[in-house]
Visitor: 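Next up is a structure, given as structure tokens.
Atoms within a ligand are numbered from 1 in the order they appear, just like the ligands themselves. All heavy atoms count here, side chains included; hydrogens, waters and symmetry mates do not. Note that the numbering runs from 1 along the sequence shown for the chain.
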Amino acid sequence: MLSWKQTPTGLAYAVPAVLPQCHRAWVEIDLAALRHNVRQLRSLLAPRTQLMAIVKADAYGHGAVLVAKTALQAGASWLGVATVPEGIELREAGITAPILVLGAPNTAEQVQAIAYWHLQPTLSTPKQALICAETLTALEHPKPLPVHLMLDTGMSRQGAPWQEAANFVQLVRRLPNLHLAAVYSHLATADDPDPTIMRLQHQRFEQAIAAIQAKGFTPPLLHLANSAATLGDRRLHYDMVRTGLALYGLYPAPHFQPGATGHPTLPPLNLKPVLQVKARITQVKTIAAGTGVSYGYQFIADRDLPIAVVGIGYADGVPRNLSNRMTVLIRGQRVPQIGAVTMDQLMLDVSALPDVQVGEVVTLLGHDGDDAITADDWASTLKTISWEILCGFKHRLPRVAIPGDSTP
Ligand SMILES: *Cc1c(COP(=O)(O)O)cnc(C)c1O
């Protein structure tokens with residue numbers, strides 16, 4: 001069992017018996033924020049619409065098992081993963097909720113593992129459907145395996161062409177051992193303020209469903225929406241939404257934030273970031289004017305400068321391209337990072353806080369006092385998206401769960 005200790009700064013840490021070393025750097029997962037986000041998302045959904053928590057890529061770096069269990073308690077009813085091993089990890093942790101594998105299987109071995117672990121596969125091609133049916137027959141699988149047919153309505157990634165939906169459905173329904181549980185598609189531009197392409201994809205999805213129904217079959221479950229479509233338009237919710245990013249407390253784009261204007265037809269949600277990245281100061285010293293800092297001397301002190309060394313680097317997921325372009329929070333105050341970020345350590349200009357101490361906590365992402373630094377801030381500096389920032393934190397950083405209030 002985990003037990004928790006409150007420190008004077010209000011942060012809870014696992015007691016040393018659980019986390020033996022005093023970590024130099026770690027990721028905090030705010031379970032109360034996660035539960036809050038699930039409830040916020042549920043508030044947008046019709047009661048019969050299910051919420052699939054997308055927990056691929058170790059729950060966007062947050063820890064798949066922890067996130068899956070918490071999201072299920074708070075109101076999600078399905079889980080989505082990218083790969084078979086990701087699904088197995090959840091089953092091995094005792095999770096019994098339905099799990100969709102978003103990446104379609106191409107080998108009998110993958111199908112065997114899917115069947116054994118009660119995962120539900122995506123099928124994108126007739127070939128995949130045949131491999132699935134043949135493998136299940138060879139296994140003498142006791143009952144039909146639920147499968148989700150994926151249609152390509154404009155993402156040009158996985159999925160059968162939407163124009164072939166009815167034929168694909170016919171083929172799958174004629175195969176033994178497969179139960180056609182769902183038909184779904186994925187949107188390419190749901191986070192764009194211009195909804196034109198999303199509407200076209202929506203129309204194609206509708207047309208595909210109509211063609212399937214014209215052949216006398218109604219799919220038991222339809223799903224289309226990612227976070228942006230969930231936040232943006234109730235017409236895209238269907239029977240289930242597949243939310244990743246919003247679960248983790250980030251908005252897919254600025255126009256989904258409270259107070260923004262743009263295409264969403266739904267009231268904005270108040271989402272709370274779940275993940276924080278923290279590290280400790282490992283050394284404090286003053287360097288003389290003219291002294292270079294870190295590899296390549298990308299920073300040279302223009303005066304005698306108090307600096308702090310922090311025990312986190314690019315091997316932990318702090319992008320090296322943020323070198324000299326990021327600030328961190330200490331005691332609620334912004335402090336500039338200086339010189340190249342190295343593999344395991346980085347340096348700060350602490351002239352604003354000359355009495356900082358070894359062991360003090362530095363917030364790289366997260367909130368401290370009244371200020372906060374978000375994955376969106378890093379993403380905009382790096383010209384990338386917050387999804388990539390979140391997934392970038394490596395396993396060297398322990399994930400420390402902050403339980404928060406225990407109301408479900
Ligand atoms: C990753 C993924 C999602 C979740 O996307 P978010 O934008 O993070 O909500 C939904 N559906 C599919 C098919 C995905 O691959």
Visitor: Within a 6.0 Å radius of atom CZ on R396, are there more than 12 heavy atoms belonging to other residues, nucleotides or ligands?
Guide: yes
Visitor: Check whether any N or O atom of G244, backbone or side chain, sits under 3.5 Å from an N or O atom of ligand 1, and answer yes or no.
Guide: yes
Visitor: Indicate whether the side chain of H223 and that of H148 have a donor and an acceptor atom separated by less than 3.5 Å.
Guide: yes
Visitor: Below a 4.0 angstrom heavy-atom separation, can you tell me which part of R157, side chain or backbone, both or neither, approaches ligand 1?
Guide: side chain
Visitor: Please enumerate all residues that pass side-chain contact (heavy atoms from CB on, under 4.5 Å) together with L353, with sequence neighbours excluded.
Guide: I330, R331, Q333, V335, V356
Visitor: Regarding K56 and E86, does a basic nitrogen lie under 4.0 Å from an acidic carboxylate oxygen?
Guide: no
Visitor: Would you call D316 and K394 a salt bridge, using N to O less than 4.0 angstrom?
Guide: no
Visitor: Among all protein heavy atoms, pick out the one at the shortest distance from atom 7 (O) of ligand 1; state its residue, atom name and that distance to 0.1 Å.
Guide: W387 NE1, 3.3 Å
Visitor: With heavy atoms under 4.0 Å as the rule, classify the contact between T243 and ligand 1 as side chain, backbone, both or neither.
Guide: backbone
Visitor: At what distance is the nearest protein heavy atom to atom 9 (O) of ligand 1, and which residue and atom is it?
Guide: S227 OG, 2.5 Å
Visitor: For atom 13 (C) of ligand 1, which of H148, K56, M155, H186 has the closest heavy atom?
Guide: H186
Visitor: Touching ligand 1 at all, H223? Heavy atoms, strictly under 4.0 Å?
Guide: no
Visitor: Would you check the N or O atoms of L245, main chain and side chain alike, for any that come under 3.5 Å of an N or O of ligand 1?
Guide: yes
Visitor: Under 3.5 Å, is there a donor-acceptor pair linking the side chains of R204 and T153?
Guide: no
Visitor: Under 4.0 Å between a side-chain nitrogen and a carboxylate oxygen: does that hold for D371 and R334?
Guide: yes
Visitor: Students should be able to answer this: which protein heavy-atom is nearest to atom 4 (C) of ligand 1, and at what distance?
Guide: Y60 OH, 3.4 Å
Visitor: Should you measure from each heavy atom of N226, which atoms of ligand 1 turn up under 4.0 Å away?
Guide: 5 (O), 7 (O), 9 (O)
Visitor: Would you check, one step at a time, whether the test side-chain hydrogen bond (donor to acceptor under 3.5 Å, both in side chains) holds for Y184 with T122?
Guide: CA-CA 9 Å; Y184 80 104; T122 293; 2.6 Å; yes
Visitor: Counting both backbone and side chain atoms, is some N or O of R242 under 3.5 Å from an N or O of ligand 1?
Guide: yes
